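Presented below is the structure to which this report refers.
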Number of protein chains: 2
Amino acid sequence: MARRSDHTRAELKKLALDSAREIVRKDGISALSTRKLATKIGYTSGTIYQIFKNRDDLGDQLNTQTVTRLFEHCRDIPAQASVQLRLRKLAEGFVAFASQNTNEWDAVINYPFTRDYRPSEGYNLQIEQLMGLICEATIDLYDANQKVQQLRDARLLWASLYGIFSLASAGRLGEERTLNETVADLADLYLAARS
Amino acid sequence: MARRSDHTRAELKKLALDSAREIVRKDGISALSTRKLATKIGYTSGTIYQIFKNRDDLGDQLNTQTVTRLFEHCRDIPAQASVQLRLRKLAEGFVAFASQNTNEWDAVINYPFTRDYRPSEGYNLQIEQLMGLICEATIDLYDANQKVQQLRDARLLWASLYGIFSLASAGRLGEERTLNETVADLADLYLAARS
DNA sequence: GTATTAATTAATCATTGGTCAATAAATTTA
DNA sequence: TAAATTTATTGACCAATGATTAATTAATAC
């Protein structure tokens, strides 16, 4: 029996999330079960439900972390002079992160949530942060009174990106063009329309 | 015991697919299990595995049918004079179909396939058909020597649409703009870039 | 009518998410 | 220090799931 003072509640949660991430990273989202996770951290499955409300909650927190990491990855991209360059670099950042974290990113898109699950406030906040990065990159293209349009475009870009990644991760993008190129196509289309 | 001559193999398959569709339509993709499907058609679960290779196969065939129906729905849209109108109507067609077939369309996007599942040739063919509709609508915008670019754009539009629907079905699109409007935004962005 | 072939079943396996009474460990009280 | 109380952890459950397969039953051929 795991001694009850082995970890504080917070430590245990971190341990669980880290281990969950490791399982997903190594064997994909389908390999993540409460039992496997429990075993990995030296507890039993019941304890998992003391840390997380349920499987949806576990997935939400895992994915929130992943999106946070994507955000941090993209935030650290060096500043660029033009919108073109900024968008290009941002797109490359997205693709690079997704390629280096295939299974984790796949979980963001394909985690088997319950039918009526809705993302947590924390998750949505992280997505807003990402949207902020897109807005920063495209700020030169909009007047001060076009903020609404800018955010609308950012959302559209995000949705499009999301679709490209979804199809790519499911092998449904088609053969003749890589993920990188398709994302670049999107950036080009956007620039052709707005600049 | 179901009498072995109650249905031919083909009839049985149709019966199973129709019933699967009914289950999904009514209670969503998560309600579709081999047992439930078997009971519904008056057989036992083992028989399902005589009709379909496995759960992935069942889902693939169901989704292929759904995409076919989406295609037919959009193909029957009356001809329009301009690219603008054609795209607009096509977008509306997509949204209308998705809205009228929520659960079935959700299955196209979120069916819990096995990790290494890849869509069948039949499914991919149907997607190509859809791409054809997009190309028909946008044909005026490209010269004869720009066929590659045109198809590339069509794929991009499809991926973007797919992303918009994915986020919408997961309640991740944001509140302030409807599905209809977002899809229209996409069409507008595309037109602004290419016309 | 008997032998052969093939469809259907029922039992079974391994696994899953989830709950909860029992148990063990830590903390407080006396 | 010893007993009483609180709380974390367990392990035994439950109801489902996808999938396999030997046994059974129905249809067909001889």
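These numbers come from a predicted model, not from an experiment. All heavy atoms count here, side chains included; hydrogens, waters and symmetry mates do not.
Scanning for side chain to side chain contact (heavy atoms under 4.5 Å, CB included) contacts around Lys40(A) gives Ser19(A), Glu22(A), Ile23(A), with sequence neighbours left out. When the ring pair (Phe, Tyr, Trp, His ring centres under 6.0 Å) test is applied to Tyr49(A), no partner is found at least two apart in sequence or on another chain. For Asp188(A), the salt bridge (charged side-chain N to carboxylate O under 4.0 Å, His left out) partners two or more places apart in sequence, or in a different chain, are Arg88(A). Asp143(B) meets the salt bridge (charged side-chain N to carboxylate O under 4.0 Å, His left out) test with no other residue; sequence neighbours excluded. The ring pair (Phe, Tyr, Trp, His ring centres under 6.0 Å) check on Tyr123(B) picks up nothing, with sequence neighbours excluded. Scanning for ring pair (Phe, Tyr, Trp, His ring centres under 6.0 Å) contacts around Phe71(A) gives an empty result, with sequence neighbours left out.
Among the protein residues, Ile51(A) comes within range of no part of the nucleic acid, since none of its heavy atoms lies under 4.0 Å from any strand.
Taking a cutoff of 4.0 Å between a charged side-chain nitrogen and a carboxylate oxygen, Arg177(B) and Asp185(B) qualify as a salt bridge.
Put simply, CG on Leu37(B) is 13 Å from P on dT9(C), counting in whole angstrom units. Put simply, CD on Gln50(B) is 12 Å from C1' on dT21(D), counting in whole angstrom units. If you take CG of Leu12(A) and P of dA26(C), they are 14 Å apart, rounded to a whole angstrom. The interatomic distance linking Arg9(A) (CZ) with dA8(D) (C1') rounds to 8 Å, in whole Å. For Ile48(B) and dT17(D), the CD1 to C1' distance is 14 Å, given to the nearest whole Å. For the pair Leu58(B) CG and dT17(D) P, the computed distance is 13 Å after rounding to whole Å. Rounded to a whole Å, the CZ atom of Phe52(B) is 18 Å from the C1' atom of dT17(D). The separation between Tyr43(A) atom OH and dT23(C) atom C1' is 16 Å, rounded to whole Å.
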Could you go through nucleotides 18-21 of chain C and list every protein N or O atom that sits under 3.5 Å from one of its N or O atoms, giving the distance for each pair?
| unit_1 | atom_1 | unit_2 | atom_2 | d |
| --- | --- | --- | --- | --- |
| dG18(C) | OP2 | Tyr49(A) | OH | 3.0 |
| dG18(C) | OP2 | Arg55(A) | N | 2.8 |
| dG18(C) | O6 | Arg35(A) | NH2 | 3.2 |

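Between Tyr117(B) and Phe113(B), the ring planes lie parallel to each other; the angle is under 30°, not in the 30° to 60° tilted range.
The shortest distance between the side-chain N/O atoms of Thr47(B) and the OP1/OP2 oxygens of dT9(C) is below 4.0 Å.
Contacts between residues 21-33 of chain B and DNA chain C, counted as heavy-atom distances below 4.0 Å, involve no residue at all.
Among residue pairs with one or both ends in residues 165-195 of chain A, those qualifying as ring-ring contact (aromatic ring centres under 6.0 Å, His included) are Trp105(A)-Phe165(A); sequence neighbours excluded.
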